[in-house]
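Everything quoted here is computed from the prediction, not taken from an experiment. Computed over heavy atoms, backbone and side chain alike; hydrogens, waters and symmetry mates excluded.
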Amino acid sequence: MSTSVAIAVITFRRPALLRGLLASLQAQELPSGGDYAIRIVVVDNDADGSAGQVLAEFGDGSPYPIESVVEAEPGIPFAREKSVELCWNDDALIFVDDDEVAPPGWLKTLLTAWEATGADVVTGPVKGNLPPGAPAWSHHSDVHDSTGKHDTGEELKKAYTNNTLVTRRVYHTVTPGFHPAFRYTGSSDLHFFLRVHRAGFRIVWCEEAWIAEEVPVGRTSLHWLVRRAFRSGSGDTISRLLIRPGAVSYVLVLAYASARVFSAIGFALAGLLLGRKTHLLKAVRRFFSGVGSLAGIVGINHDEYRERHGAESEPADGGGAVPGDLAGGAGAGSPPVDDQGDESLADHPDARLP
C-alpha cells in the first residue's frame, strides 16, 4: 500500500502568499522508488472562506489533490487542531506556513530523510527572504533564518510547524495537540513539540530540507524584534507551566529568565568591544526574551495575532495560561480524538532563539 502523506496548511486572508505556496507544492517531486500518496489539506481560519477563490485555481489537473475546510473559530491552535483531525488517517502530515515557498526538491529531501532516519518527527530550516529596502540590521540578524543551526541527523528537543513532518503515531499519542492558551500569541507548536519530545519520540533535523519564507516589511523593524523576543520568552514560560505546574517549575523559569538576561549583557559587551552587530542583536533578543519569560509567570504575553483576526474586543483568552495540562482532552475547541492520559510531559524549553 502507498504511504499517505498530507501537507497541512493553515491560512488567514493571505491569498497571494497562499497561491505561491500551493504552486510550489504542486511542483514537488517524490523520491525515486518510493510509493507515496500525497495530498494537500488547507484549513482556512477565516469564517468568510476567503481562501476559496485561490483554491479554485487548483483544479482536478493538479498533481496533488487539495482538500479544504473552513475553521471559523479564530486562532492558530484551533486551525492546527483541525488540520490534525483531517489528517488523522494519514501515515504522516507535514506542517508548512502559508507565507512560505517550497524550493525544488524540498519534499523529496524531507521524505528521504524520514526514510533514512526512521524518526518520528523530521524538521528542517526556514530561510527568510527579506523584502527590498529592509533595514541594515536585519541583514545581520538570523531572526528570519534558521539555516545552519544544526547538523543533519542531529536529534532535537523541540520543533515548530513551519517545516516539519510528523508521523501518525505522534499525533495519535500526544493529543489534543494545540492548546487554546496560545490562541493569538503563538507558541502552541512549541508547547506541542515539547510534549512530543518528553513522550519519547525522536525529533531529527534535516538541514537540506529547507523552505523559504517571505518576510513582510512589518517584520523588519526593531520594534517587531523586541515584541517577538518578548512573546517567545513568555510562550516558553507558559508552555512549561502548562506542562508541569508547581514550585519547581517556577524556580526553573526564574533561573532560565535570569540566564537569558545575563547572557544578553555578555553579548552586548562583546558586541561593543568587538564591533559585532550580530552580538548586539542577540543581546536585544535575549534580554527581551528573558523579560518575557518572567512576564509569562503571571500569564502575560503579547497577542501578536489578535489584531489580524479583528478580535480586539474579545476576552483576552489568548494571552494567559489556561488551567489544566490537556490531560483528558481539556481545552476549548479540541477535536474528538484520543485521551492523552496522565503521562507527565515536562521539559525545559529554550525557544526559537540562538
Who passes salt bridge (Lys or Arg N to Asp or Glu O under 4.0 Å) against Arg169, sequence neighbours left out?
Asp120
So how far is it from Ser188 OG to Ile76 CD1, rounded to the nearest 0.5 Å?
6.0 Å
Do the ring centers of Phe230 and Phe288 come within less than 6.0 Å of each other?
no
Ser62 side-chain N/O to Pro65 backbone N/O, donor-acceptor pair under 3.5 Å:
no
Can Asp91 and Arg168 be said to form a salt bridge (charged side-chain N to carboxylate O under 4.0 Å, His left out), step by step?
CA-CA 5 Å; Asp91 295 304; Arg168 177 168 59 186; 3.5 Å; yes
Aromatic plane relationship, His279 with Phe267 - under 30° parallel, 30 to 60° tilted, over 60° perpendicular:
perpendicular
With a 4.5 Å limit on heavy-atom distance, are the side chains of Leu222 and Leu281 in contact?
yes
Distance col, row Asp189:CG vs Ser239:OG, nearest 0.5 angstrom, shows 9.0 Å
Cluster link Leu225 to Leu280, ILVMFWY, side chain under 4.5 Å:
no
Go through the side-chain N and O atoms of Thr185 and Arg231 and say whether any donor and acceptor fall under 3.5 Å apart.
no
Evaluate whether atom CD of Glu29 has more than 12 neighbouring non-hydrogen atoms of other residues, nucleotides or ligands under 6.0 angstrom away.
no
For a quick check under 3.5 Å, do Ser50 and Asp48 share a side-chain donor-acceptor pair by atom type?
no
Check: Arg198 and Arg244 side chains under 4.5 Å, non-hydrogen atoms:
yes
Quick one: hydrophobic cluster around Trp210, which other residues, with the 4.5 Å side-chain cut-off, linked directly or via members?
none
Mind running side chain to side chain contact (heavy atoms under 4.5 Å, CB included) on Phe95 and Asn162 for me, showing each step along the way?
CA-CA 6 Å; Phe95 287 108; Asn162 49 16; over 6 Å; no
If two hydrophobic side chains count as joined below 4.5 Å and joins carry through other members, does Val215 share a cluster with Trp224?
no
Are Asp98 and Ile10 close enough, and set up right, to give a side chain to side chain contact (heavy atoms under 4.5 Å, CB included), and what steps lead you there?
CA-CA 6 Å; Asp98 66 348; Ile10 65 171; over 6 Å; no
Should Val70 and Phe178 be regarded as members of a common hydrophobic cluster, given that ILVMFWY residues are connected when their side-chain heavy atoms come within less than 4.5 Å of each other, either directly or indirectly?
no
Just verifying a value: how many Å separate Ser83 OG and Glu85 CD, rounded to the nearest 0.5 Å?
10.0 Å
Taking side chain as C-beta onward, heavy atoms only, is Leu242 less than 4.5 Å from His179?
yes
Quick one, Ile94 and Val5 - any side-chain contact, counting heavy atoms below 4.5 Å?
yes
For Gly177, is there any backbone N or O sitting under 3.5 Å from a side-chain donor or acceptor partner on Arg195?
yes
What's the separation between atom CD1 in Ile38 and atom OG in Ser4, rounded to the nearest 0.5 Å?
8.5 Å
Hits for side-chain hydrogen bond (donor to acceptor under 3.5 Å, both in side chains) against Tyr36, two or more places apart or cross-chain, chain-then-number order -> Glu115
Quick one: does any side-chain atom of Gln28 pair with a main-chain N or O of Leu25 as donor and acceptor, under 3.5 Å?
no
Only one of Leu190, Val196, Asp236 forms a side-chain contact (heavy atoms from CB on, under 4.5 Å) with Lys158, so which one is it?
Leu190
Going only through I, L, V, M, F, W and Y residues with side-chain contacts under 4.5 Å, is there a path from Leu22 to Val126?
yes
Nearest 0.5 Å, please: how far is CD1 in Ile66 from CD1 in Ile7?
9.5 Å
Other hydrophobic cluster members with Ile265, side-chain heavy atoms of Ile/Leu/Val/Met/Phe/Trp/Tyr under 4.5 Å, chained?
Phe262, Leu269
Output yes when a side-chain donor or acceptor of Asn163 lies under 3.5 Å from a complementary backbone atom of Pro125, and no otherwise.
yes
Taking atom NZ of Lys82 and atom CG of Asn45, what is their separation to the nearest 0.5 Å?
11.0 Å
Side-chain donor-acceptor pairs under 3.5 Å in residues 199-206, sequence neighbours left out?
from, atom 1, to, atom 2, distance (Å)
Arg202, NE, Glu155, OE2, 3.0
Arg202, NH1, Thr117, O, 3.1
Arg202, NH2, Glu155, OE2, 3.4
Trp205, NE1, His150, O, 3.4
Trp205, NE1, Glu207, OE1, 2.8

Is it the case that Thr161 and Arg80 place a side-chain donor and acceptor less than 3.5 Å from each other?
yes
Residue list, side-chain hydrogen bond (donor to acceptor under 3.5 Å, both in side chains) with Arg39, at least two apart or on another chain:
Glu67, Asp90
Find out if a path of hydrophobic residues (ILVMFWY) with successive side-chain heavy-atom gaps under 4.5 Å connects Phe58 to Leu21.
yes
For Leu130 and Ala134, the nearest pair of non-hydrogen atoms, with its separation, is CB-CB, 4.1 Å
Going by atom types alone, do Ser2 and Asp35 pair a side-chain donor with an acceptor below 3.5 Å?
yes
Verdict with reasoning, Lys108 to Leu30, per side chain to side chain contact (heavy atoms under 4.5 Å, CB included)
CA-CA 5 Å; Lys108 178 179 179 180; Leu30 299 177; over 6 Å; no
Determine, stepwise, if the pair Val84 / Thr175 fulfils side chain to side chain contact (heavy atoms under 4.5 Å, CB included).
CA-CA 10 Å; Val84 173; Thr175 182; 5.9 Å; no
I'd like to know whether NE2 of His223 has more than 12 heavy-atom contacts from other residues, nucleotides or ligands below 6.0 angstrom.
no
With no hydrogens and no angle check, is any side-chain donor or acceptor of Glu100 less than 3.5 Å from a backbone partner on Asp97?
yes
I'd like to know if the side chain of Ser24 and the backbone of Ala102 have a donor-acceptor N/O pair within less than 3.5 Å.
yes
To check you understand the geometry: which heavy-atom pair defines the closest contact between Arg260 and Ser263, and what is its length?
O-OG, 2.8 Å
Keeping the roles fixed (side chain from Tyr171, backbone from Cys87), state whether a donor-acceptor pair exists under 3.5 Å.
yes
Are Val121 and Trp114 close enough that some pair of their side-chain heavy atoms sits under 4.5 Å apart?
no
